[in-house]
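Everything on this sheet refers to the single structure shown next.
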Amino acid sequence: MKDISVGILGTGKYVPDNRLTNEQLEKMVETNNDWIVTMTGIKERRIVGEGQATSDLAYEASLRAMAAAGVTADQIDLIIVATITPDMFFPSTACLLQEKLGAKRAAAYDLSAACSGFIYGVASATGFIKMGMYKHVLVVGAESLSRITDYSDRNTCILFGDGAGAVVLGEVPEGRGFRSFELGADGSGGELLRICGGGSRLPSSEQTVADRRHFIEMNGREVFKFAVRIMGGAAEEALAKAGLSKENIDLLIPHQANIRIIQSALDRLNLTNDKCMINIDKYGNMSAASIPVALAEAVEEGRVKEGDCLVFVGFGGGLTWGASTLIW
């Protein structure tokens, strides 16, 4: 079997027009702008409009990624959508996206790994391409987190925003592309970040709605401790698997959950802020969308050059984590 180098052929992003600022949140819950910025780094976040859903965001990001890659809908072999906010239980958001794009040749499925979902998705896509099963795979991280956010809970409502990022993966020249992946999970921490209502364990009912069980529940203190521990460690594991070191990193693209968590990863990796893509101030935590949106912006801003070593790292509910290295 031919050893295929797999990389990113094109990137794209889309965020809704609607902004929810810290000043607006001050009128909704007991909080203030200075506290939010100091504790999280977030100044505003984007919110889906009336009638907008996750597949709509994914569609716009996908069009941009496909255009950047020079790939048409009929050349897409597989669509993977990483999301915890699908349009509906089924059909999958990936199938809805396939129809919107007219990618009739593509297989399609959703992947649920919360904020680690995009890295899980590109790892899966890389495997499919390397084994010769598919040539072009569209991987999308897309979320409408405002639909599952309790805007009476000041601990969580300040954190989350909506958006989508997409990449097209395919064969790249030898020496380029993904060099390693580090994926992990710890189900014993599942209760730290979850939505209980609506599944087979706690089906939707008047009581689950009244008890607000269909919104994000989070133990912020424990998730923060987990994230600080895992972010730098996962990045180091991915670097070691690739035979690379911290000194090789040209740009770190972390999950945008909290500026203090990002800073802890930078400290552990001995990186300065200019070697990290940070946009949490504009978008907040977009779960599976945060890394691909940050990547697309880094490319737009000219911060990614051929031959650069990129490291992606994220963590999320599950608990899950993932990291990867890529030579652009």
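Of the inter-residue distances, the one linking Ile259 atom CD1 with Ile278 atom CD1 reads 4.0 Å to the nearest 0.5 angstrom. Considering CE of Met218 and CG of Asp153, their distance stands at 8.0 Å, rounded to 0.5 Å. Distance NZ/Lys130 to CG/Leu169: 11.0 Å, rounded to 0.5 Å. From Cys115, atom SG reaches atom CZ of Phe160 across 7.0 Å, with rounding to the nearest 0.5 Å. Atom CD1 of residue Ile261 and atom CG of residue Leu266 lie 12.0 Å apart, to the nearest 0.5 angstrom. Rounded to the nearest 0.5 angstrom, Leu310 CG and Lys305 NZ are separated by 10.0 Å.
No more than 12 heavy atoms of other residues, nucleotides or ligands lie within 6.0 Å of NZ in Lys135, so this atom counts as exposed by the packing criterion. Counting non-hydrogen atoms of other residues, nucleotides and ligands closer than 6.0 Å to CG of Asp17 gives a total of 12 or fewer. The neighbour count for Glu301 CD, taken as heavy atoms of other residues, nucleotides or ligands under 6.0 Å away, is above 12. Under a cut-off of 6.0 angstrom, the local environment of NZ in Lys43 is sparse, with at most 12 non-hydrogen atoms contributed by other residues, nucleotides or ligands.
Shown here for Ala123 and Leu183, the closest heavy-atom pair between the two residues is CB-CD1, 4.0 Å. Closest non-hydrogen pair, Cys196 versus Leu202, comes out as O-CB, 3.5 Å. Across Glu143 and Ser287, no two heavy atoms sit closer than the pair OE2-OG, 3.1 Å.
Distance alone, capped at 3.5 Å, is enough to place a donor-acceptor pair between the Arg45 side chain and the Ile158 backbone. The backbone N or O of Glu30 lies less than 3.5 Å from a partner atom in the side chain of Arg154, making a donor-acceptor pair. Remark: the backbone N or O of Trp35 is paired with a side-chain donor or acceptor of Asn32 at under 3.5 angstrom. Checked by atom type and distance alone, the side chain of Thr83 pairs as donor or acceptor with a backbone atom of Ala142 at under 3.5 Å. Panel note: side chain Gln256, backbone Met286; no donor-acceptor pair is recorded below 3.5 Å. In this structure, the side chain of Asp250 engages the main chain of Cys309 through a donor-acceptor pair within 3.5 Å. Using a distance-only test at 3.5 Å, with no hydrogens or angles considered, a donor-acceptor pair links the side chain of Arg176 to the main chain of Trp328. Between the side chain of Thr325 and the backbone N or O of Ser180 there is at least one donor-acceptor pair closer than 3.5 Å. Between the side chain of Ser62 and the backbone N or O of Ala58 there is at least one donor-acceptor pair closer than 3.5 Å. Between the side chain of Ser146 and the backbone N or O of Ile47, no donor-acceptor pair lies under 3.5 Å.
Using modelled atom types and a 3.5 Å distance limit, the side chains of Thr21 and Glu44 yield no donor-acceptor pair. A donor-acceptor pair shorter than 3.5 Å cannot be found between the side chains of Asn22 and Glu26. Of the N and O atoms on the side chains of Glu247 and Ser245, at least one donor lies less than 3.5 Å from an acceptor on the other residue. If you check the side chains of Ser55 and Thr93, you find no donor sitting under 3.5 Å from an acceptor.
Leu111 is not connected to Trp321 by any chain of hydrophobic side-chain contacts under 4.5 Å among Ile, Leu, Val, Met, Phe, Trp and Tyr, and they are in different clusters. Under the 4.5 Å side-chain heavy-atom criterion for Ile, Leu, Val, Met, Phe, Trp and Tyr, Phe178 and Tyr134 are members of the same hydrophobic cluster. In the hydrophobic clustering of ILVMFWY residues, with side-chain heavy atoms under 4.5 Å counting as a link, Phe226 and Ile262 come out together. Linking Ile, Leu, Val, Met, Phe, Trp and Tyr whenever their side-chain heavy atoms come within less than 4.5 Å puts Met231 and Leu319 in one cluster. Both Val139 and Ile119 sit in one connected hydrophobic cluster of ILVMFWY residues. Membership requires side-chain heavy atoms under 4.5 Å apart, directly or through other members.
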Exercise for the section: Show your working on salt bridge (charged side-chain N to carboxylate O under 4.0 Å, His left out) between Asp77 and Arg105 and close with a plain yes or no. Expected result: CA-CA 6 Å; Asp77 302 304; Arg105 291 182 54 253; 2.8 Å; yes
Exercise for the section: Please report the C-alpha distance between Glu236 and Lys246 in whole Å, then the side-chain angles of each, then the deciding distance to 0.1 Å, and finally whether the side-chain contact (heavy atoms from CB on, under 4.5 Å) criterion is met. Expected result: CA-CA 7 Å; Glu236 288 176 337; Lys246 303 172 186 178; 3.2 Å; yes
Problem - Evaluation steps, side-chain contact (heavy atoms from CB on, under 4.5 Å), between Tyr109 and Leu78 - result: CA-CA 8 Å; Tyr109 66 89; Leu78 172 66; 4.0 Å; yes
Exercise for the section: Report the C-alpha separation of Arg19 and Arg46 in whole Å, then their side-chain angles, then the decisive distance to 0.1 Å, and conclude whether the side-chain contact (heavy atoms from CB on, under 4.5 Å) test is met. Expected result: CA-CA 5 Å; Arg19 288 175 164 85; Arg46 300 299 181 95; 2.7 Å; yes
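Taking the centre and axis of the six-membered ring of Tyr14, the NZ or CZ atom of Arg64 falls outside the cone set by 45° and 6.0 Å.
Pairs engaging residues 182-199 under the salt bridge (Lys or Arg N to Asp or Glu O under 4.0 Å) rule: Glu182-Lys241, Arg194-Glu217 [sequence neighbours left out].
Listed by chain and residue number, nothing satisfies the side chain to side chain donor-acceptor pair (under 3.5 Å) test with Ser112 (two or more places apart in sequence, or in another chain).
Comment: Glu297 does not engage Arg303 in a salt bridge, judged by the lack of any side-chain N to carboxylate O separation of less than 4.0 angstrom.
Here Ile76 is tied into one hydrophobic group with Leu9, Tyr59, Leu63, Met66, Val71, Ile79, Val81, Leu97, Leu101, Leu138, Val140, Val168, Val172, each link being a pair of ILVMFWY side chains closer than 4.5 Å.
Ring geometry for Phe312 versus Phe118: interplanar angle over 60°, hence perpendicular rather than tilted (30 to 60°).
Each of Leu57, Ile195, Asp162, Ile148 was scored for a side-chain contact (heavy atoms from CB on, under 4.5 Å) with Thr85, with one residue passing: Ile148.
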